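Each remark here refers to the structure printed beneath this line.
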Amino acid sequence: MRTLKEVKVGETVTVTKLNGTGAVKRRIMDMGITKGVEIHVRKVAPLGDPMELNLRGYELSVRKADAEMIEVE
């Protein structure tokens, strides 16, 4: 089991599971991160937060705390 937080820059991964509950999980899903979606990690800020992702044809920045809730393969 690997989370999005552990993915290196340049890698493309597929979401397998979303952890978290209630409003936090809903917010992640509202950003377009759902099971089966491919995510390409474009950049990570110098201090590691946030991560810049490409998914569903657009760019998205997520905090590491949120990335930790997203399981990928």
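Note that the structure is a prediction, hence the values are computed from the model and not measured. This chain uses plain numbering: 1 for the first residue, then up along the sequence.
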Rounded to the nearest 0.5 Å, what separation is found between the [atom1] atom of [X] and the [atom2] atom of [Y]?
| X | Y | atom1 | atom2 | result |
| --- | --- | --- | --- | --- |
| E11 | E6 | CD | CD | 10.5 Å |
| I70 | L18 | CD1 | CG | 6.0 Å |
| H40 | T12 | NE2 | OG1 | 5.0 Å |
| R63 | E68 | CZ | CD | 12.0 Å |

* Heavy-atom closest pair, residues D66 and R27 ->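 Shortest heavy-atom separation between D66 and R27 comes out as OD2-NH1, 3.2 Å.
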* To do: Could you pull out the closest heavy-atom pair between V15 and I39, with the gap in Å?
  => CG2-CD1, 3.5 Å
* Structure fact -> With sequence neighbours left out, the residues meeting salt bridge (Lys or Arg N to Asp or Glu O under 4.0 Å) with E71 are none
Side-chain atoms of residues 44-53: list all donor-acceptor pairs with protein atoms under 3.5 Å, sequence neighbours left out, distances to 0.1 Å.
unit_1 : atom_1 : unit_2 : atom_2 : d
D49    : OD1    : K64    : N      : 2.7
E52    : OE2    : R42    : NH2    : 3.3

* Asked: More than 12 foreign heavy atoms under 6.0 Å from CZ of R2: is that the case here?
  ->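 Yes - once you tally the heavy atoms of other residues, nucleotides and ligands closer than 6.0 Å, there are more than 12.
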* Verify side-chain contact (heavy atoms from CB on, under 4.5 Å) between I33 and L60, making sure each step is shown before the conclusion. => CA-CA 10 Å; I33 301 173; L60 175 69; 3.8 Å; yes
